[in-house]
Protein chains: 2
Amino acid sequence: MTNALPQIKRDFIEGLSQISRFWGFPKGMGAIFAVLYLSPAPLSLDEIVVQTGLTKGAVSTQVRALARLGLVYRSSKLADRKDYYEAETDFYKSIRSILKERQNTEFDRALAAVKDALVRLESGATHAEERAFLVERVRALQEFFDAIDNLSRAVVKLESLGISNVQKILSILK
Amino acid sequence: MTNALPQIKRDFIEGLSQISRFWGFPKGMGAIFAVLYLSPAPLSLDEIVVQTGLTKGAVSTQVRALARLGLVYRSSKLADRKDYYEAETDFYKSIRSILKERQNTEFDRALAAVKDALVRLESGATHAEERAFLVERVRALQEFFDAIDNLSRAVVKLESLGISNVQKILSILK
DNA sequence: TACTATGTTTAGTAATTACTAAACGCACAG
DNA sequence: CTGTGCGTTTAGTAATTACTAAACATAGTA
């Protein structure tokens, strides 16, 4: 039907691509998500290829990444060997799984390193005065990261409670 | 004094570098911040060069970027031509200015594009049925972005109220 | 005026990341 | 067992980004 995509879709895809890059994901990932999100029915890998202009390989890997992040779902039709993908439409759910993903891996490791530095500092060999200073600084940073961690856990907790909760938060902070 | 940096500092710097990259900033930026953050006194550009191992040019541009983000402050001593830099230690303040910075520029533009798509969709020429579907999807995304926007405004509002507020938020979401 | 100590800009390089094209593997159909 | 339709992997390329080295600009100093 829409062999040449309508301009509006193009713009939308472009917009999501930008947003994707902005948050540190590949541009193509945003494009793929956009295509799926605007499709009333699940799409096969090749349909995504056509609509995004990416190659099969790229789509294959990116779509898998999206699935790992919980932004798309993979399904299949009986008596059809193709895989089909559709976009998650509950964005809070998505955020939740993205944060979960991000919390593991590198970030945690880096954070552990900082924590470790603190521990070792306390038994370190520097002058008492300088040491006290360093300990305090590292501790403050540590505390901050913990707060961030809590905050993201809080977001995770939002579950599918939706927007009303955000409003609640806003009202408290008013 | 510490010509060869103690291992603990090295580790800390390395840790912050990783964290920096993880959040989409250059590695060197994290390193510079780490050095400043661990210094009891403001440092000159050349001192930063020594401690990070970067070149003068890199430090010059990155430190300026950090200043724009509100993560470091530039100062100068009387009768001393050097500039001196020190780290912001109120991280909530930092987050606030980072978010402010991010909200302008690209992200806003992309968001505007999506908004625009919605408007044009409503007067578009597609089949009524398909159009209704698209409008609904774009609208939902729009709403989500607004919520995110609100949330980040909320964080911005935290001002220097500190951690207790995060706890408050947590308690609501319990 | 020229000299020195600073920070900035620039042009090029290195490193990283996203992507392409094509080979591959696997399951099903004949 | 062979061929066909699919997704995956891989090896190489393009594009982006972070950085270096060095020229440059500026302001103070002799």
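All figures in this text were calculated on a predicted structure; none of them were measured in a lab. Order of the sequence lines fixes the chain letters, A, B, ..., with proteins taken first and strands second; residue numbering starts at 1 for each chain.
Across the protein-nucleic acid pair, K77(A) atom NZ and dC6(D) atom C1' stand 15 Å apart, rounded to whole Å. Rounding to whole angstrom units, CG of residue L43(A) and C1' of dC6(D) are separated by 16 Å. Atom CG in D83(A) sits roughly 7 Å away from atom C1' in dG7(D) (whole-Å rounding). In this structure, CG of D80(A) is placed 15 Å from C1' of dA29(C), rounded to the nearest angstrom. Distance CG (L78(A)) to P (dC28(C)): 13 Å, rounded to an integer number of Å. Atom NZ in K82(A) sits roughly 17 Å away from atom P in dT4(D) (whole-Å rounding). Atom P of nucleotide dG7(D) and atom CZ of R64(A) are separated by 12 Å, given to the nearest angstrom.
Across all non-hydrogen atoms, the minimal contact from S75(B) to E86(B) is OG-OE2, 4.5 Å. The two residues E88(A) and G70(A) have their closest heavy-atom pair at CB-O, 3.6 Å. For the pair K82(B) and S44(B), the tightest heavy-atom approach, listed with the atom from each and the gap, is CD-CB, 3.7 Å.
To the nearest 0.5 Å, atom CG of residue L134(B) and atom CZ of residue R139(B) are 13.0 Å apart.
Shown here are the salt bridge (charged side-chain N to carboxylate O under 4.0 Å, His left out) partners of D11(A), two or more places apart in sequence or in another chain: R120(B).
Close to dT8(C), at under 4.0 Å from its OP1 or OP2, lies a side-chain N or O of S60(B).
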Check: residues 25-39 of chain B side-chain donor-acceptor pairs under 3.5 Å, at least two apart:
unit_1	atom_1	unit_2	atom_2	d
Y37(B)	OH	R137(A)	O	2.6
S39(B)	OG	A41(B)	N	3.2
S39(B)	OG	A41(B)	O	2.4

Below 3.5 Å, can you tabulate the donor-acceptor pairs from side chains in residues 54-66 of chain A to any protein atom, sequence neighbours excluded?
unit_1	atom_1	unit_2	atom_2	d
T61(A)	OG1	G57(A)	O	3.4
T61(A)	OG1	A58(A)	O	3.0

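Contact annotation: the side chain of L141(B) approaches that of F12(A) to within less than 4.5 Å [non-hydrogen atoms, C-beta and beyond].
Across all strands, T61(A) comes closer than 4.0 Å to base atoms (heavy-atom distances).
Five base pairs at each end of the helix from dT1(C)-dA30(D) to dG30(C)-dC1(D) define two local axes, and these are offset by 10° (rounded to 10°).
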Polar atom pairs between nucleotides 27-30 of chain D and protein, under 3.5 Å, N or O only, would you list them?
none

Scan nucleotides 16-22 of chain D against the protein and return all N/O pairs shorter than 3.5 Å with their distances rounded to 0.1 Å.
unit_1	atom_1	unit_2	atom_2	d
dC19(D)	OP1	G28(B)	N	3.3
dC19(D)	OP2	Q62(B)	NE2	2.6
dT20(D)	OP2	T55(B)	N	3.0
dT20(D)	OP2	T55(B)	OG1	3.1

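The cluster map of Ile, Leu, Val, Met, Phe, Trp and Tyr, joined by side-chain heavy atoms under 4.5 Å apart, puts Y84(A) and L43(A) in different clusters.
Here the side chain of S20(B) pairs no donor or acceptor atom with the backbone of L16(B) at under 3.5 angstrom.
A salt bridge is absent between R10(A) and E14(A); no separation between the charged side-chain nitrogens and carboxylate oxygens falls under 4.0 Å.
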